Amino acid sequence: MKFGVLQFPGSCDEVDALAAARRVGDAELIWHGQRDLGGADAIIVPGGFSYGDYLRAGAIARFSAAMESVIEFADAGGLVLGICNGFQVLCEARLLPGALLPNANLRFTFRQVHLEVVAGETPFTCACPPGAMLSIPVKHSFGRYYADAATLQRIERSGQVVLRYGAGENFNGSLHDIAGVCNERGNVFGLMPHPEHAVEELIGGSSDGLLIFQSMRLAVEGARV
Amino acid sequence: MLIRPKAGILDPQGAAVQRALPALGFAGVENVHVGRLVELDVEDAAQLEAMCEKLLANPLVEDYEIILPE
């Protein structure tokens, strides 16, 4: 199982994403100008401030050469995980529904949050125990999930809401407390919290983030058998 | 191009400005929204709409208005 981790100018969490992915498989960086995804079985679009996040978070990164390949990879059914800025990039690329707007509190906010796994059967959550609550950090300024009413109704019905902020944890004002969504096909997933920062109890007090990477490995290797 | 948050979407930046103005003695201020202005020179103005749709605005959450000089 090989993960490919994208790296844009301004990415800052690609190293942690690489380290987290290497706990469950092989992983390599993919520079943003590179069209070749190096035979990766799954792609991670990491957190940070791609291209400085000028204009809107993720708006420019979405047109990079590597993202062109990621869009084709996703269209062919490949697994794509977007974390924080990566989630914003995937929304801008229209691989995921909705958009991420400035936090309701207008502040960069860094805290540990509890997340409810709403959809436990996805390729990104299938290693989570049923009814799991995950303890994972968030750190962002633009994390308020927004989609229009019709889209919200559609994604709720089709089980695309994968993670919700636990009671009292929705500091950014996300609609329906949404912290993570997948596409209709279920192979593209984005979340604002950072599972790659919660893989070692000694450092983060939680290794719940590993479950996301373990789920992806299960999904990829299950599909191979 | 003037780019504005779509009506009905929470605009915390506008709300913060709306709270600040009365504190400075400006009364009767309502419906404050903060957007952005993109100015550019271009030979073919017919491209502007596509620019807004593709990059300059996010049509899911923003409205845009194209203003050409007289």
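Chain naming here is simple, since letters A, B, ... match the order of the sequence lines and numbering starts at 1 in each. In this text, all values refer to a predicted model and were calculated from it rather than measured experimentally.
Only the side chain of B:A16 comes within contact range of chain A, judged by heavy atoms closer than 4.5 Å. Looking at A:L101, only its side chain comes within 4.5 Å of chain B, counting heavy atoms on both sides. With a threshold of 4.5 angstrom between heavy atoms, A:L55 approaches chain B through its backbone and through its side chain. Of the atoms belonging to B:K6, not a single heavy atom falls under 4.5 Å from chain A. Proximity to chain B (any heavy atom under 4.5 Å) is shown, for A:N105, by neither the backbone nor the side chain.
For A:R35, the CZ atom counts as densely surrounded, since its 6.0 Å shell holds more than 12 non-hydrogen atoms of other residues, nucleotides or ligands. The local environment of CD in B:E53 is crowded, with over 12 non-hydrogen atoms from other residues, nucleotides or ligands closer than 6.0 Å. Summarising the local packing, CZ of A:F63 is surrounded by more than 12 heavy atoms from other residues, nucleotides or ligands at distances under 6.0 Å. Within 6.0 Å of atom CG in B:D44, more than 12 heavy atoms from other residues, nucleotides or ligands are found, so the atom counts as buried in its surroundings. For A:R157, the CZ atom counts as loosely surrounded, since its 6.0 Å shell holds 12 or fewer non-hydrogen atoms of other residues, nucleotides or ligands. For A:E184, the CD atom sits in a loose shell: 12 or fewer heavy atoms of surrounding residues, nucleotides or ligands are nearer than 6.0 Å. Crowding of A:E156 atom CD: a count of heavy atoms from other residues, nucleotides or ligands under 6.0 Å exceeding 12.
Contact count against chain B (heavy-atom pairs under 4.5 Å) is highest for A:R144 among A:R144, A:E92, A:R62.
The main-chain N or O of B:L55 is found under 3.5 Å from a side-chain atom of A:R56 such that the two form a donor-acceptor pair.
A heavy-atom distance below 4.5 Å is not found between the side chains of A:D148 and B:L60.
When all heavy atoms are compared, the tightest approach of B:P12 to A:P102 is CG-O, 4.3 Å.
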